[in-house]
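One structure is given below, encoded as structure tokens.
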Amino acid sequence: MGFCSSCMFLCARKKFYWLCKVMCRYLCFILVLSGPSKDALAYVEWLREDYRFSDILVQISPALNGHAFPKLKLRYKPSLVQLEGGISHLPLLDPTMRATPLAPSEWRKRLKEVHDSNCVVLDVRNGYEWDIGHFHGAQRPDVDCFRSTSFGESNSEEAIASDPLANVDKEKTDILMYCTGGIRCDVYSTILRQRGFQNLYTLKGGVSHYLQNEGPVEWVGNLFVFDDRLSLPPSAYNPEDTTVPSSNPQGRKKILFANCYICGSQVSELRHRNCANIDCNLLFLCCMECVKDLKGCCCPQCTTAPRLRPVLPGNQRYKKWYMYRELEVQNELAV
């Protein structure tokens with residue numbers, strides 16, 4: 001059990017993953033914890049007694065393979081969102097500069113009208129997040145890392161070709177933005193507002209909130225998460241939901257967008273892995289044939305690197321390098 005000096009965060013341990021997005025006039029942070037549902041809900045109610053957190057949004061998803069956070073980590077970060085050039089100069093506390101939040105039900109309605117209206121669906125995440133799941137009609141981000149996002153500010157012909165906002169009418173086009181939890185949209189919508197875009201809308205609470213309330217309708221694939229689970233199916237957010245995606249009445253949608261980083265073939269498992277070369281550590285999507293052929297590496301060059309970790313089976317994630325180094329030394333002594 002431990003406490004964070006900023007929010008009196010209580011860590012209780014068991015098999016549930018909690019994501020609390022806290023937004024108020026004076027404070028903006030994300031609280032992530034796992035614990036017994038009874039204790040965690042009691043903590044949330046205690047937090048809501050403070051008027052600054054009375055409207056706190058709580059999102060719940062299960063840890064499918066044991067405890068999601070076995071260790072308590074308290075970190076101070078000047079900014080939750082990393083962008084080239086920083087964000088300290090942005091008017092983030094001015095609500096009129098941010099996009100209008102849409103409830104999951106309204107977002108679902110707007111997505112169904114996208115093809116019949118002057119609208120752009122903007123995925124404000126990392127490219128590799130799109131690779132395993134996204135909303136219908138959303139284009140893949142032109143960069144793998146969100147901090148390099150440049151939607152709406154393209155100058156060169158090459159950049160304009162990959163920018164969905166390059167030639168839109170800033171006053172008449174509706175721009176629907178979404179990310180995992182909503183934070184990145186709050187920041188980037190402020191940037192777009194400064195660039196003259198008028199009709200900006202975001203998905204309140206992000207994709208995780210949408211899946212919890214609306215199920216997989218208009219969503220295809222899994223949702224990338226930034227912990228050891230790496231990705232979760234929509235059913236993890238709402239196990240009781242039996243809704244079938246509207247574009248897939250038979251319930252047998254084929255995943256056509258998820259391709260192996262190495263050979264380009266379609267993959268059956270929507271889950272990333274890190275390169276076995278610790279000095280590369282690239283996060284990539286890979287078919288099982290290439291995993292075997294390249295020993296868990298992302299390219300032939302990495303297979304000859306001096307610090308290689310073993311190929312991990314199933315949904316495991318790599319541990320610290322020293323643990324594999326100690327194992328290697330033990331094996332050498334045994335020989």
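- Applying the ring-ring contact (aromatic ring centres under 6.0 Å, His included) rule to pairs touching residues 286-307 yields nothing, sequence neighbours excluded.
- Evaluation of the salt bridge (charged side-chain N to carboxylate O under 4.0 Å, His left out) rule for Arg309 yields no partner, not counting sequence neighbours.
- No continuous path of hydrophobic side-chain contacts links Ile175 to Met97 [ILVMFWY only; heavy atoms under 4.5 Å].
- Leu294 belongs to a hydrophobic cluster whose other members, connected by ILVMFWY side-chain contacts under 4.5 Å either directly or through intermediates, are Tyr261, Ile262, Leu282, Phe284.
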Q: Tell me, with the steps shown, if Arg317 and Leu230 meet side chain to side chain contact (heavy atoms under 4.5 Å, CB included).
A: CA-CA 9 Å; Arg317 288 204 71 184; Leu230 281 182; 3.7 Å; yes
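- When atom types are taken as modelled, the side chain of Thr303 and the backbone of Cys299 share no donor-acceptor pair closer than 3.5 angstrom.
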Q: Show the numbers, then the answer: is there a side chain to side chain contact (heavy atoms under 4.5 Å, CB included) between Asn213 and Trp107?
A: CA-CA 11 Å; Asn213 288 272; Trp107 177 270; over 6 Å; no
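- Between Ala258 and Leu270 the shortest heavy-atom distance is CB-CD2, 3.4 Å.
- Listed by chain and residue number, Arg52 satisfy the salt bridge (charged side-chain N to carboxylate O under 4.0 Å, His left out) test with Asp50 (two or more places apart in sequence, or in another chain).
- A side-chain donor-acceptor contact under 3.5 Å links Arg193 to the backbone of Arg98.
- By the 4.5 Å heavy-atom criterion applied to side chains, Leu223 and Tyr237 are counted as neighbours.
- Annotation: side chain of Val207 is in contact with side chain of Leu211 (closest heavy-atom distance under 4.5 Å).
- Between atom CD of residue Glu289 and atom SG of residue Cys260 there is a gap of 8.5 Å, rounded to the nearest 0.5 Å.
- A donor-acceptor pair under 3.5 Å is formed between the side chain of His272 and the backbone N or O of Tyr128.
- The backbone N or O of Val217 sits less than 3.5 Å from a side-chain atom of Tyr210, completing a donor-acceptor pair.
- Looking only at side-chain heavy atoms (C-beta outward), Leu176 and Cys119 come within less than 4.5 Å of each other.
- In this structure, a donor-acceptor pair under 3.5 Å is present between the side chains of Thr180 and Glu129.
- The pair Arg48-Asp55 does not meet the salt-bridge criterion, since no charged nitrogen lies less than 4.0 angstrom from a carboxylate oxygen.
- In this structure, the separation between CG on Leu200 and CD on Gln198 is 8.0 Å, given to the nearest 0.5 Å.
- With Tyr201 as the aromatic partner, Arg110 meets the cation-pi criteria of under 6.0 angstrom to the ring centre and within 45 degrees of the ring axis.
- For Glu171, the CD atom is loosely surrounded, since the number of other residues' heavy atoms within 6.0 Å does not exceed 12.
- Residue Pro234 comes nearest to Trp219 through the heavy atom pair CG-CD1, 3.8 Å, listed as atom of the first residue, atom of the second, then distance.
- Although no hydrogens or angles enter the test, the distance criterion places no donor-acceptor pair under 3.5 Å between the side chain of Thr173 and the main chain of Lys170.
- One finds no salt bridge joining Arg140 and Asp123 here, because no Lys/Arg side-chain nitrogen approaches an Asp/Glu carboxylate oxygen to under 4.0 Å.
- Contact check for Val120 versus Val168: side-chain heavy atoms found under the 4.5 Å cut-off.
- Glu113 has no carboxylate O lying under 4.0 Å from a charged side-chain N of Arg108, or vice versa, which leaves the two without a salt bridge.
- Residues Glu106 and Leu102 approach most closely at CG-CD2, 3.8 Å, considering heavy atoms.
- Residues Cys185 and Leu122 fail the side-chain proximity criterion, which asks for heavy atoms closer than 4.5 Å.
- Interatomic distance, Met177 CE to Phe197 CZ, rounded to the nearest 0.5 Å: 10.0 Å.
- Taking every heavy atom of both residues into account, Pro104 and Leu203 meet most closely at CA-CD1, 4.1 Å.
- Atoms CG and CG, from Asn199 and Asn118 in turn, are 9.0 Å apart once rounded to the nearest 0.5 Å.
- No hydrogens or angles considered: nothing links the side chains of Arg307 and Asn277 as a donor-acceptor pair under 3.5 Å.
- Side-chain contact between Val124 and Tyr178 is absent, with no heavy-atom pair separated by less than 4.5 Å.
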(Q) If you apply the rule side chain to side chain contact (heavy atoms under 4.5 Å, CB included), what do you find for Val44 with Leu47, and how did you get there? (A) CA-CA 5 Å; Val44 171; Leu47 189 64; 5.6 Å; no
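- For Tyr188 (side chain) and Ile183 (main-chain N/O), no donor-acceptor pair under 3.5 Å exists by modelled atom type.
- In the hydrophobic clustering of this structure, Val291 does not group with Tyr318; members are Ile, Leu, Val, Met, Phe, Trp, Tyr whose side-chain heavy atoms approach within less than 4.5 Å, directly or through other members.
- Contacts of His134 classified as ring pair (Phe, Tyr, Trp, His ring centres under 6.0 Å), with partners at least two apart in sequence or in another chain: Trp130, Phe257.
- Expressed to the nearest 0.5 Å, how far CG of Leu285 lies from OG of Ser231 amounts to 9.0 Å.
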Q | Stepwise side chain to side chain contact (heavy atoms under 4.5 Å, CB included) check, Cys275 with Asn281 | A | CA-CA 5 Å; Cys275 179; Asn281 205 43; 5.7 Å; no
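- For residues 296-315, the set of pairs meeting the ring-ring contact (aromatic ring centres under 6.0 Å, His included) definition, not counting sequence neighbours, is empty.
- Between Ala276 and Lys295, the shortest heavy-atom contact is CB-O, 3.6 Å.
- Within the 4.5 Å cutoff, the side chain of Leu192 has heavy atoms near those of the Leu165 side chain.
- The minimum heavy-atom distance linking Leu308 with Cys297 is given by the pair CD2-SG, 3.7 Å.
- The line from CG of Asp174 to OG1 of Thr100 is 10.0 Å long, rounded to the nearest 0.5 Å.
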